[in-house]
Amino acid sequence: MGVTAREIRLAARPSGWPTDENFAFADVEVPSPGAGELLVRNTFMSVDPYMRGRMNDVKSYTPPFELGKALEGGAVGEVVESGVDGVATGDLVLHNAGWRSHALVSQYTPLTPIEGVSPSRFLGALGMPALTAYVGLLDIARFTPGEAVFVSGAAGAVGSVAGQIARLKGASRVIGSAGSAEKVAHLTDDLGFDAAFNYRDGDVGELLAQAAPDGIDVYFDNVGGDHLQAAIDALRTNGRVAVCGSISMYNEKQPPPGPRNLHLLVGKRLTLRGFIILDHYDRFGAMAEEVGQWLANGELVAEETVVDGLDNAPAAFVGMLRGENTGKMVVRL
Ligand code: NDP
């Protein structure tokens with residue numbers, strides 16, 4: 001049978017912020033699945049910060065997107081035609097062929113639908129971003145109860161979960177930063193952060209010092225730059241940083257100067273440790289059990305910002321990079 005699918009391709013590599021010229025739409029014929037393959041109709045696709053990195057032609061932990069080819073990324077969808085014994089039409093799967101209406105996949109994860117829970121959750125609070133929060137806080141930063149934690153990008157997919165895990169696991173104080181007054185109110189009023197600030201309101205170092213007058217033990221870094229410098233100033237002896245991302249730099253043509261206070265690592269015995277979540281999927285089961293439980297009983301709140309329509313996926317992606325999302329940004333197809 002097969003289908004005609006619509007896909008979004010990388011038309012040109014961006015320099016600075018992506019624009020419409022970087023994306024191209026195409027209609028393609030997708031054949032029926034062969035043995036071991038599934039034809040899937042995507043229902044939700046993810047837009048993630050790492051995709052901006054893959055648009056550049058640079059060596060990294062994953063190869064760059066290819067010019068003229070469909071973009072890739074996390075998606076969930078329903079099986080339309082199955083070439084796999086035990087997988088039936090209508091089954092739900094998670095795979096990496098997002099940015100298109102339909103996909104022929106041979107690598108996928110079967111999903112068990114959860115009553116009353118949107119499948120988009122498997123791209124956010126029950127998926128890769130939640131695992132990133134869990135591993136970053138517990139394994140990379142080695143958070144222990146009673147410690148004070150600062151999370152940047154705190155109203156986003158990873159940050160909102162990281163801050164709440166810290167709270168639920170007994171942090172003495174959880175501080176978050178985000179880019180608007182509404183997000184700051186969301187952090188303290190809805191997500192249970194003890195303090196939060198808008199990084200656009202002034203010097204990040206001063207804002208953090210006010211929010212954490214006694215200092216911090218752990219910093220979950222989603223932003224880099226001035227936020228990392230502020231955190232190094234605020235960290236107490238033996239403090240740790242999970243270096244998760246540096247979103248303040250992803251669209252800059254020239255990277256801003258790095259932290260000017262790295263000498264403090266010595267006297268304070270600080271540890272900064274970067275990580276890539278692909279290396280930590282052995283922790284998925286533990287994360288899903290704990291975070292799933294907290295979500296189910298309402299102790300952990302996970303917002304989503306949903307944009308409708310494949311045609312709006314580029315705008316959703318750039319909007320996420322600009323901060324238009326609260327919680328996980330997803331596109332509903
Ligand atoms: P988010 O849902 O947090 O969306 C990105 C957010 O970044 C925006 O909402 C915006 O919020 C914020 N932002 C954009 N520009 C700036 C800036 N100049 N300064 C401060 N904040 C900014 O995305 P994710 O939760 O998916 O990702 C968060 C971070 O985690 C990223 O750095 C990403 O690269 C990283 N990551 C790393 C992984 C790993 O394996 N190491 C895996 C997954 C994610 P605001 O309104 O607050 O500015």
Side-chain angles (χ1 to χ4, degrees), residues 16-18 45-56 60-62 73-74 98 120 123-125 127-137 139-141 150-165 176-187 191 193 196-201 204 207-208 219-231 241-252 255-256 272-281 283-284 287 302-307 316-331:
W17 286 89
M45 59 163 268
S46 184
V47 287
D48 295 275
Y50 76 84
M51 294 169 177
R52 177 64 191 82
R54 290 195 69 190
M55 291 179 156
N56 299 332
S60 184
Y61 61 96
T62 41
S120 56
L123 302 172
M128 182 277 281
L131 183 63
T132 304
Y134 190 86
V135 165
L137 183 73
D139 301 347
I140 304 298
F150 170 45
V151 182
S152 58
V158 173
S160 61
V161 177
Q164 291 182 89
I165 295 176
S177 66
S180 72
E182 293 74 24
K183 289 186 182 183
V184 167
H186 173 61
L187 294 176
L191 306 188
F193 282 63
F197 63 86
N198 178 352
Y199 63 83
R200 298 180 206 273
D201 278 350
V204 177
L207 293 165
L208 179 58
Y219 172 45
F220 195 110
D221 187 21
N222 288 317
V223 170
D226 55 354
H227 283 70
L228 180 55
Q229 178 165 316
V241 181
V243 185
C244 178
S246 307
I247 198 159
S248 65
M249 307 186 180
Y250 296 170
N251 293 294
E252 297 299 327
L272 275 67
R273 186 172 166 206
F275 69 106
I276 289 295
I277 200 56
L278 295 172
D279 303 336
H280 299 275
Y281 269 76
R283 294 284 277 156
F284 198 91
M287 180 285 292
E303 288 287 321
E304 284 184 341
T305 302
V306 181
V307 169
F317 172 60
V318 178
M320 177 276 300
L321 294 171
R322 290 196 187 282
E324 289 167 16
N325 58 310
T326 299
K328 176 69 188 140
M329 181 73 107
V330 290
V331 181

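Here the structure is a predicted model, which means the values were calculated and not measured. Throughout, numbering of the chain's residues begins at 1 and tracks the sequence. Just follow the structure's listing: the first ligand is 1, and inside any ligand the first atom is 1.
Summary of contacts: the protein heavy atom closest to atom 8 (C) of ligand 1 is Met320 O, 3.2 Å. Regarding atom 44 (C) of ligand 1, its nearest protein heavy-atom neighbour is Val158 CG2, 3.9 Å. For atom 42 (C) of ligand 1, the nearest non-hydrogen atom of the protein is Thr132 OG1, 3.4 Å. With respect to atom 40 (O) of ligand 1, the closest heavy atom belonging to the protein is Ile277 N, 2.8 Å. Regarding atom 10 (C) of ligand 1, its nearest protein heavy-atom neighbour is Gly323 CA, 3.4 Å. Protein heavy atom at the shortest distance from atom 7 (O) of ligand 1 is Ile247 CD1, 3.5 Å. Remark: minimum distance from atom 47 (O) of ligand 1 to any protein heavy atom is reached at Gly179 N, 2.8 Å. In terms of protein heavy-atom proximity, atom 27 (O) of ligand 1 is nearest to Pro49 CG, 3.5 Å.
Between Glu324 and Val307 there is no side-chain heavy-atom pair separated by less than 4.5 Å. When side chains are defined from C-beta on, Glu303 does not count as touching Ser160, because their heavy atoms never get closer than 4.5 Å. For the pair Val161 and Tyr134, the minimum side-chain heavy-atom distance is 4.5 Å or more. The closest side-chain heavy-atom distance from Glu182 to Thr326 is not below 4.5 Å. Side-chain contact between Asn222 and Val151 is present, with at least one heavy-atom pair separated by less than 4.5 Å. For the pair Ser177/Leu208, no side-chain contact is recorded, criterion being any heavy-atom separation below 4.5 Å from C-beta on. Between Asn251 and Pro18, the closest side-chain pair of non-hydrogen atoms falls below 4.5 Å. Within the 4.5 Å cutoff, the side chain of Met287 has no heavy atoms near those of the Val135 side chain.
With a heavy-atom cut-off of 4.0 Å, Glu324 does not touch ligand 1 at all. Contacts with ligand 1 closer than 4.0 Å are made by heavy atoms of both the backbone and the side chain of Ser248. Contact annotation: for Asn222 versus ligand 1, heavy atoms closer than 4.0 Å belong to both the backbone and the side chain. Contact annotation for Ser246 and ligand 1: only backbone heavy atoms (N, CA, C, O) come within less than 4.0 Å of the ligand.
The Leu321 neighbourhood of ligand 1 comprises atoms 14 (C), 15 (N), with distances under 4.0 Å to a heavy atom of that residue. Every atom of ligand 1 is numbered from 1 in the order shown, and the set under 4.0 Å from a heavy atom of Ile276 is 40 (O). Each of the atoms 1 (P), 2 (O), 3 (O) of ligand 1 lies under 4.0 Å from some heavy atom of Gly156. Residue Tyr199 approaches ligand 1 through these ligand atoms, each under 4.0 Å from one of its heavy atoms: 16 (C), 17 (C), 19 (N), 20 (C), 21 (N), 22 (C), 45 (P), 47 (O), 48 (O). Of all the atoms in ligand 1, the ones that sit under 4.0 Å from a non-hydrogen atom of Gly327 are 2 (O). Contact atoms of ligand 1 toward Met128: 42 (C), 43 (C) (distance under 4.0 Å to a heavy atom of the residue). Listed by atom number, the atoms of ligand 1 under 4.0 Å from Val223 heavy atoms are 19 (N), 20 (C), 21 (N). With ligand atoms numbered from 1 in the order given, ligand 1 contributes 1 (P), 2 (O), 3 (O), 25 (O) to contacts under 4.0 Å with heavy atoms of Ala157.
The shortest N or O to N or O distance between Asn325 and ligand 1 is under 3.5 Å. Polar contact with ligand 1: present for Lys183 (N/O pair, distance under 3.5 Å).
In this structure, Phe197 and Phe150 have parallel ring planes: the angle between them is below the 30° cut-off, well short of the 60° mark.
In this structure, Met329 does not count as a contact residue of ligand 1, since none of its heavy atoms falls inside 4.0 Å of the ligand. Ligand 1 lies nowhere less than 4.0 angstrom from a heavy atom belonging to Gly225.
Across the listed options Gly245, Cys244, Pro256, Cys244 owns the non-hydrogen atom lying nearest to atom 37 (C) of ligand 1. Of all the listed residues (Tyr61, Phe275, Tyr250), Tyr250 holds the heavy atom that lies closest to atom 34 (O) of ligand 1.
For Asp221 and Arg273, the salt-bridge test fails: no basic side-chain N is under 4.0 Å from an acidic carboxylate O.
Remark: Lys328 NZ to Ser46 OG distance equals 3.0 Å, nearest 0.5 Å. Atom CE in Met320 sits 7.0 Å away from atom CG in Asn325 (nearest 0.5 Å). Distance check, rounded to the nearest 0.5 Å: NE2 of His280 to CG of Asp139 gives 7.5 Å.
Using modelled atom types, one finds a donor on one side chain and an acceptor on the other under 3.5 Å when comparing Ser120 with Glu304.
Although no hydrogens or angles enter the test, the distance criterion places no donor-acceptor pair under 3.5 Å between the side chain of Asp48 and the main chain of Tyr50.
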